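Since the model is a prediction, treat every value here as computed from it, not as a measurement. Position 1 is the first residue of the sequence, and the numbers go up from there.
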Amino acid sequence: MTWSIENSGSTDAYFTWPNGSTYMYNDPLFYSGVTIKSTEENKRYHPIMDSSGECLCSGNASIDFKEKIEPGEKVAYWSMFSVPSDVDTITLEIPGFDPIEDIPIS
C-alpha cells in the first residue's frame, strides 16, 4: 500500500510516527500503526514483519521522511500487507486521521 500525507492548510503541519504496539517490531519508529481492514470480512491486517522483526513499511529512516510538512506539500509513504486473494476492497487506517474507505485492491 502506498499512501501519502498532504498539507492542504496554510501553516506547517507536523506528522509524528504512527507506530503501533500490537506487534513487537524491533524498531518502534516504523509506521507499524498504519493498518488496513477488509471491507468484506471486517478483519484488520497489520504490516508484514520480516524475519528480523522489522516492519516492512516506511519509517523515520526513509529518505522521504518529513516531520514538518509545509503548506501544499505532499509526502508519500508505504506499508506492506498480506491479504487473502478474495479481498477486493480495504479501508486504510492511519492513526490521527479519518479512515480511507473502499480502496480497491489491484
Side-chain angles (χ1 to χ4, degrees):
M1 166 72 63
T2 302
W3 49 278
S4 61
I5 301 294
E6 181 177 6
N7 181 357
S8 58
S10 58
T11 60
D12 292 341
Y14 292 87
F15 183 57
T16 56
W17 303 284
N19 51 359
S21 59
T22 302
Y23 292 110
M24 300 306 287
Y25 295 100
N26 280 342
D27 189 338
L29 300 180
F30 283 98
Y31 295 137
S32 57
V34 176
T35 61
I36 61 173
K37 189 167 52 172
S38 68
T39 304
E40 296 87 358
E41 302 171 325
N42 199 26
K43 185 174 181 181
R44 182 175 317 286
Y45 297 92
H46 295 268
I48 296 173
M49 187 186 320
D50 69 13
S51 61
S52 300
E54 303 290 347
C55 175
L56 294 179
C57 51
S58 294
N60 73 339
S62 170
I63 194 167
D64 295 324
F65 171 75
K66 289 194 159 238
E67 185 173 326
K68 180 176 88 171
I69 303 173
E70 297 177 10
E73 187 174 22
K74 185 181 209 178
V75 183
Y77 299 101
W78 62 275
S79 301
M80 188 174 289
F81 301 95
S82 178
V83 297
S85 59
D86 61 341
V87 173
D88 296 322
T89 60
I90 53 102
T91 296
L92 177 66
E93 297 179 335
I94 302 170
F97 295 87
D98 290 333
I100 303 168
E101 300 175 331
D102 298 322
I103 301 170
I105 294 179
S106 58

Is any side-chain heavy atom of Val83 less than 4.5 Å from a side-chain heavy atom of Ile36?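 In contact.
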
Do Ile105 and Asp88 come close enough that some side-chain heavy atom pair is under 4.5 Å?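 The answer is no, as the side chains (C-beta and beyond) never meet within the 4.5 Å cut-off.
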
What distance separates [X] [atom1] from [Y] [atom2], expressed to the nearest 0.5 Å?
| X | Y | atom1 | atom2 | result |
| --- | --- | --- | --- | --- |
| His46 | Cys57 | NE2 | SG | 12.0 Å |
| Ser38 | Tyr45 | OG | OH | 4.5 Å |
| Lys74 | Ser8 | NZ | OG | 11.0 Å |
| Ile90 | Arg44 | CD1 | CZ | 11.5 Å |

All side-chain contact (heavy atoms from CB on, under 4.5 Å) counterparts of Ile100, not counting sequence neighbours: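 If we apply the side-chain contact (heavy atoms from CB on, under 4.5 Å) test to Ile100, skipping adjacent residues, the hits are Leu92, Ile103.
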
Would you please name every residue forming a side-chain contact (heavy atoms from CB on, under 4.5 Å) with Asp102, sequence neighbours left out?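 Per chain and number, Asp102 pairs via side-chain contact (heavy atoms from CB on, under 4.5 Å) with Thr39, Thr89.
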
Only counting residues at least two apart or in another chain, list the ones meeting side chain to side chain donor-acceptor pair (under 3.5 Å) with Glu101.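 Glu101: no side chain to side chain donor-acceptor pair (under 3.5 Å) contacts found.
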
Return each pair, listed once, that meets salt bridge (Lys or Arg N to Asp or Glu O under 4.0 Å) where at least one residue sits in residues 34-43; pairs must be two or more places apart or across chains.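 Applying salt bridge (Lys or Arg N to Asp or Glu O under 4.0 Å) to every pair that reaches into residues 34-43, excluding sequence neighbours, yields Lys37-Glu93.
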
Take atom CG in Asp86; do more than 12 heavy atoms of anything else shown fall under 6.0 Å from it?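 Counting neighbours around CG of Asp86, more than 12 heavy atoms of other residues, nucleotides or ligands fall under 6.0 Å, so yes.
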
Kindly give the heavy-atom pair with the smallest separation between Phe81 and Ile48, and that separation in Å.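 Distance-wise, the nearest heavy atoms are C-CD1, 3.7 Å.
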
Test of understanding: with salt bridge (Lys or Arg N to Asp or Glu O under 4.0 Å), list the residues that count as partners of Asp12, not counting sequence neighbours.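 In terms of salt bridge (Lys or Arg N to Asp or Glu O under 4.0 Å), with neighbours along the sequence ignored, Asp12 is linked to Lys68.
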
Go through it in stages, so that I can follow the logic: the residues are Ser79 and Trp3, the test is side-chain contact (heavy atoms from CB on, under 4.5 Å), and I'd like the CA-CA distance, side-chain angles, deciding distance and then a yes or no. CA-CA 8 Å; Ser79 301; Trp3 49 278; 3.1 Å; yes

